[in-house]
Structures are given as C-alpha cells and as structure tokens.
Amino acid sequence: MTKHISIFHDLTAFVAEPRLTGLALSPGGDRLIAVRSELNNKKNAYVSALWELPNGEGSTAKPRRLTRGLEGEALAGFTNDGDILFTAKRETGDDDSEQRLFLLPNGGGEARVVAKRHSGFAGLSIARESGHIALVSGVHPHAKDAEDDARIAKEREDKKFTGILHTGYPVRAWDHDLGPTVSQIFVAEPLDAEDDDAQLELRQLTRFAPYERVSGAQISSDGSSVYATLTRTVHGTDAFSTVIKVDVESGKVTTLAEEDGAHHMLEAVSPAGDYLLLAREQAVSRTVPLKLEYSIYDLGTHERTATATNFSDWIGDATITPCGKNLYFTADHEGRGGIFKLDTEEGTVELLTEGKFHYSHLALDERSGTLVALQDAIDQPPLPVRLDPDTREVSRIDAPLEAPEVPGDLTEFSIEAEDGTSMRSWLCVPSGANAEKPAPLLLWIHGGPFGSWNSWSWRWNPWTAVARGYAVLLPDPAISTGYGQQMIDRGWDQLGGSPFDDIMRATKAALERPEIDETKKAALGGSYGGYMANWVAGHTGDFFDCIVTHASLWNIDQFRHTTDAGQHWGAHLDDAHVAEYNPADSVGEIVAPMLVIHGDKDYRVPIGEGLRLWYELLEASGKSPEENPHRFLYFPNENHWVLTPNNAFTWYSTVLAFVDRHVKGVETDYPDLLG
C-alpha cells in the first residue's frame with residue numbers, strides 16, 4: 001500500500017479524508033465487507049458505503065463498491081447464504097420515516113427491503129445452523145400489539161409529540177433519550193432463498209419493562225435460544241447487569257448469571273453452543289476499583305469456571321473457534337493493542353501480535369483458521385489485515401483507500417512514577433525538529449479515565465498539530481488501560497492525584513529533550529482529559545501558556561448526579577473524593593488562558609459543566625470582554641464528540657488558532673463562519 005502526500009497541513013483535506021469504520025466476514029468466510037465513510041456531495045455530512053474486499057490467499061480481485069445510498073449504509077450482518085443485510089435511508093416511495101433493513105443478494109442484483117421498523121434495528125444475529133435471525137428493536141411500552149405500536153410511533157411523529165414519562169433511572173445515554181420505546185428481542189425464520197419478494201416476519205420474543213435494558217443479543221447455532229445482557233434497575237438508581245437466556249419457542253427468560261452488587265455481561269457464545277464467555281464487574285466505590293474478571297459458563301452443567309487468570313486487562317472483540325478450544329480477542333496492551341489467544345481448557349492467555357499496532361473488528365475465517373481485523377496505530381488509520389495464529393504473520397488486505405503520510409516521527413519513552421511504576425508515553429515530533437530548531441510542546445491528556453493513547457483518532461489527531469510545528473505528548477498515566485489491574489488501582493481513589501503527578505512528570509521529561517522548546521507549552525484534554533486539563537489549570541499557575549478543555553468535568557459534585565452514568569460516578573466520586581479533587585474549588589488559582597469547548601447534546605458530561613466552568617472562569621477573572629483571554633466554543637448540535645465534518649473543521653481550526661496565539665504568539669485567524 002503506497003502512502004500519499006500529507007493531508008495534515010490542510011484541515012479541509014484532513015476532514016474530507018475517507019476512512020474505514022467497519023469490517024465483517026460472512027459465515028462461510030468467503031465474503032469480506034468493509035464500511036468506508038466519506039463526505040457527501042454537499043460536503044456537510046459523512047456517508048458510509050459497503051465495499052467487498054479480496055478475501056483468501058492468492059486472491060487477485062480488487063476492492064469493489066457494493067452500495068451507493070444517498071445517506072449511507074450500516075452493515076448489519078450476513079445470511080447463511082452470504083447475502084448482506086444492511087440498514088439505510090433510501091427513497092422508497094413510502095411516506096414514513098421507518099428505518100429499513102435491506103438484503104443485497106450474494107449472487108448479484110439489486111438490494112431490496114426485507115423489514116422495516118420505526119425504531120430501527122440493532123444487534124442482528126443469525127443462527128449458523130438453522131439460519132434463524134434475532135435482533136433488537138424498540139417497542140412502545142403501552143402498545144397492545146404490533147399494529148398499535150406502529151400507530152403510536154406514527155402519531156408521535158405526525159403530532160411532534162415528544163413527552164416521555166419515566167418511572168426510573170437512567171433517562172438518557174450519551175446523546176439520545178431512553179424512551180419512548182423499550183428495547184425488545186425479535187426473531188424471524190430464515191428468508192426463502194427462492195423467493196425474491198420474501199420478507200422477514202419479525203416476532204416479538206420479549207416483554208421487558210422500561211427499567212430493563214437489553215444489549216448484546218446473540219442467537220445460538222441451532223436457533224433455539226437467544227443469549228443477552230439485561231440490565232435491571234433494582235432499587236433507587238442502582239442497576240445491575242445480568243446474563244439471560246431466552247427460549248425462542250416460548251419466550252421464557254431464564255437468568256444465567258446474577259449477583260447483587262456485581263455486573264455480569266455476555267462476551268461471546270461458542271459456535272458449538274456448549275458455553276458462554278462471561279465478564280464480571282464488581283460494583284465500584286472509591287475504595288473498590290473497576291475490575292473485570294472472566295469465566296466460562298458451561299451451558300450443560302450451568303457451572304462457571306474462572307478463565308484468563310493470567311490476564312488482567314479488558315477483552316474487546318472476541319471470536320471462538322468451531323471446536324471451542326481457542327478464543328481469540330483484542331485488548332489494549334502497553335500503549336498498543338493486541339490480538340490474544342485464550343486456551344479455554346487451560347484458561348491461559350497468549351499474545352499473538354507484536355509492534356505498535358492496535359486492532360478492532362476481529363473475525364475468524366473458519367476455512368483457513370486465520371483472523372481478519374482492522375489494524376491501526378498512532379500514525380496509521382485503520383486498514384484491513386489478516387493474521388495467521390500459527391505463524392503469527394500479519395499481512396495487509398487490499399482496501400479502497402491509501403494511508404496518509406504523517407508529517408513527523410513517532411517515538412516513545414518511559415519515566416518512573418513517584419511510586420516506582422514505569423509510566424510510558426508516545427511523542428509525535430515534527431520532521432526537522434532539533435536542538436537548533438526545537439518544537440513547542442502540546443500535552444494531550446486522554447479521556448476515560450479508562451483508556452490509552454494506543455490507536456489512530458480522527459477526532460483528536462496529533463498530526464494536525466505536528467503539521468503546524470508542534471510536538472505532541474500522549475501520556476498513559478495512572479488509571480490507563482492495557483497495563484494490568486495495578487495501573488487502574490494506583491490512581492482510582494485520587495482522580496487528581498497520581499494521574500496528575502504522572503502527567504506532569506512525563507511533561508517535564510519531554511521538555512528536557514533537545515528537540516522540544518521548554519519555554520513554549522500548552523495542555524489539552526477531553527472528557528476525563530478535560531477534567532485533568534481543568535485540574536492542571538488550577539494547580540500549575542503559569543507553567544502552561546494556555547489550556548484547552550473539551551467536554552470536561554468541572555464541578556464533580558454536580559456532575560456525578562447529572563451524568564447519564566450516575567450510578568457509576570456517584571459511587572466512585574463520593575463526598576471525600578469531591579472534597580479533595582474538585583477542579584472547581586481552584587478556579588481562583590487559574591492563570592493560563594483557557595479555551596472551553598462543549599456540545600449541547602452531551603449527556604455523558606452534561607452542558608451544565610461547560611456553562612458553569614465558563615461562568616465561574618469569567619467571574620474569577622473579573623476582566624472586561626475586551627481584556628478576557630478565555631474563550632468558549634459551543635456546539636448546539638454536537639454531543640460528547642464533534643462528529644459532523646464542518647464542525648470538526650471548526651474544532652481543529654479554533655483549537656490550533658487559540659494555541660498559536662498563546663504558545664507561539666502568532667495571530668492565526670479563527671474560522672470566519674464562527675458566530
């Protein structure tokens with residue numbers, strides 16, 4: 001794969017760069033489909049299309065585009081015949097806004113609608129033997145039947161009726177309201193391959209209550225059972241996740257894993273239908289850190305056996321071999337990612353990959369025993385690859401895009417934390433930076449706090465800053481993932497303690513490098529990284545020339561009970577935590593100019609955090625608008641992230657212009673379309 005000229009010097013080109021956002025393999029392993037996103041014709045939104053990639057050793061085929069919808073497609077899955085199922089918005093002649101599920105025949109031909117529902121489709125799963133289909137879709141809790149459900153949806157839309165009467169918690173998630181429907185599991189017989197007009201006859205299988213939320217539904221190979229994670233609110237705001245089995249014939253729901261004070265989640269179902277991979281998470285508090293443990297649930301004996309006992313990181317994508325002996329999965333790993341093999345009989349985990357790469361969308365090709373995935377890195381966007389688990393050889397799969405050339409060098413270094421822990425960082429340095437021409441430093445703090453700088457990002461891409469001559473430091477402090485449970489434990493009860501100390505030690509170590517200008521520096525962070533940016537602002541005086549804080553926690557007493565994840569954060573951030581590590585308490589100590597950024601549709605860190613930070617920042621400064629060095633970038637229609645292309649352009653342009661002014665002393669223009 002050749003690399004083309006750098007896009008990072010031109011933010012318009014960067015935002016417009018096509019990218020791969022998904023990868024899936026058909027049940028027979030003969031079809032490999034990628035999802036490719038690019039700008040629409042008006043260049044004001046991203047649209048996705050499905051592409052078929054060459055699959056198999058020695059294949060000479062070229063990637064080919066399969067779909068061309070006006071508003072993009074989302075891959076849902078495959079039938080057992082290799083037909084593609086996808087959702088899309090298309091002109092169909094019907095006067096309604098129901099989401100449609102399309103089928104694109106394996107043998108060629110036009111895509112056709114096989115199902116439609118007002119609340120869309122999620123979690124589609126197909127039984128590998130029987131071909132039965134299971135999926136999740138929302139149903140109005142007061143609907144008497146399917147016709148009544150459709151009527152309620154139509155009337156709410158026509159009358160612009162948006163009211164929702166809640167009886168429990170939570171009421172929203174990330175950027176959408178929970179309700180007015182409740183997610184239910186549906187099943188359908190396999191489509192008749194001989195009937196070109198066949199439709200899926202969806203049968204509602206469950207009747208969950210509004211205080212129950214189902215996710216991750218997977219149908220068994222024989223189509224007789226559906227397994228899923230069900231989160232139930234049990235009292236007050238306390239909700240716990242359980243693993244359930246739903247009988248397809250009767251709809252009977254059986255709880256397989258349940259425990260007061262702990263969450264149990266379904267991770268994978270074995271192809272042979274003999275076991276489940278489960279995860280267990282103890283409910284957190286300030287003294288009980290977040291920790292995941294894994295077990296094999298034997299569907300015959302109903303016994304759970306601890307597994308992956310030599311592994312304390314978190315499993316991502318998982319896929320199981322037909323015989324069930326080996327389970328492959330992805331996970332964060334020491335500032336990178338990895339593909340691992342779990343021997344389910346021995347319970348041991350083995351790393352199969354090496355290098356600086358991160359992996360996602362893992363799938364097993366059962367014909368050859370090889371694995372396919374999207375591979376990326378700090379300096380490489382996601383590209384499809386194949387891994388041979390026996391030889392551990394990774395090879396590139398031809399894809400409908402090229403990797404952009406980054407305008408600098410990627411290095412890493414480690415420092416010793418106060419408690420002796422080794423703490424590592426990535427450092428992106430402009431080409432040509434040296435002792436005679438050192439680069440100013442931008443400290444970028446990752447969110448989470450459970451996360452790692454180990455993969456490519458289109459939203460926080462360091463190379464956009466490197467192209468302007470900045471070096472970018474990407475540290476993984478305490479509470480970062482991929483370094484074992486001890487890395488999470490050491491910062492859990494001190495949100496602004498050891499993570500802050502780790503970050504500042506890494507920053508000072510970077511500033512000692514000859515290619516870095518120690519006199520010019522700024523700190524930037526989003527979400528928990530925004531919390532830390534706020535904490536840094538109030539605890540470092542004029543050490544940094546400016547601070548950028550995006551979607552940030554400001555008053556954590558307010559945040560912990562207004563976030564959509566209040567059960568978790570309310571327990572983690574107890575009163576003692578708030579009293580010791582609340583950024584808002586140090587507003588009077590802030591010296592550096594701050595750029596505050598927030599989206600109104602952010603329900604994880606609600607807009608009240610940004611509004612209150614802005615008010616208290618101005619109140620503390622006491623300066624006139626003409627003298628005020630702080631700025632507030634507000635997006636009425638964005639959520640926790642900034643996802644639309646023109647707003648992404650505005651985000652990057654404004655952030656870099658603000659930093660240019662305060663770090664370099666260069667009066668870079670803000671975007672002229674800003675209000």
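All heavy atoms count here, side chains included; hydrogens, waters and symmetry mates do not. A quick note: this is a predicted structure, and the numbers were derived from the prediction, not measured.
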Min side-chain heavy-atom separation [X]-[Y] under 4.5 Å:
X	Y	value
Thr353	Ile339	yes
Asp376	Pro381	no
Leu178	Val171	no
Ser224	Val248	no

(message) Between Thr206 and Gln184, does the side chain to side chain donor-acceptor pair (under 3.5 Å) criterion hold? Intermediate values first, please.
(response) CA-CA 6 Å; Thr206 58; Gln184 306 290 354; 2.8 Å; yes

Counting neighbours of [atom1] on [X] that are heavy atoms of other residues, nucleotides or ligands and sit closer than 6.0 Å, is the number greater than 12?
X	atom1	answer
Glu350	CD	yes
Tyr169	OH	yes
Glu354	CD	no
Lys252	NZ	no

(message) Would you say the ring centers of Trp460 and Trp641 fall short of 6.0 Å from each other?
(response)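 Judged by ring-centre distance (under 6.0 Å), Trp460 and Trp641 do not meet the cut-off.
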
(message) Is the distance from the ring center of His358 to that of Trp456 below 6.0 Å?
(response)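 Aromatic pair excluded; centres sit 6.0 Å or further apart.
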
(request) Fit a plane to each ring of His568 and Phe450, take the angle between them on a 0 to 90° scale, and name the class: parallel (under 30°), tilted (30 to 60°) or perpendicular (over 60°). (result) perpendicular

(request) Identify the heavy atoms of Thr67 and Leu104 that sit nearest to each other, and give their distance. (result) CG2-CD2, 4.4 Å

(message) So, taking the atom named CD in Gln199 and the one named CG in Leu191, what distance separates them when rounded to the nearest 0.5 Å?
(response) 8.0 Å

(message) Does Arg490 qualify as a cation-pi partner of Trp492, given the criterion of NZ or CZ under 6.0 Å from the six-membered ring centre and within 45 degrees of its axis?
(response)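 Here Arg490 fails the 6.0 Å and 45° test against Trp492.
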
(request) Test Phe340 against every option in Trp314, Tyr359, Phe311 by the ring-ring contact (aromatic ring centres under 6.0 Å, His included) rule and name the one that passes. (result) Phe311

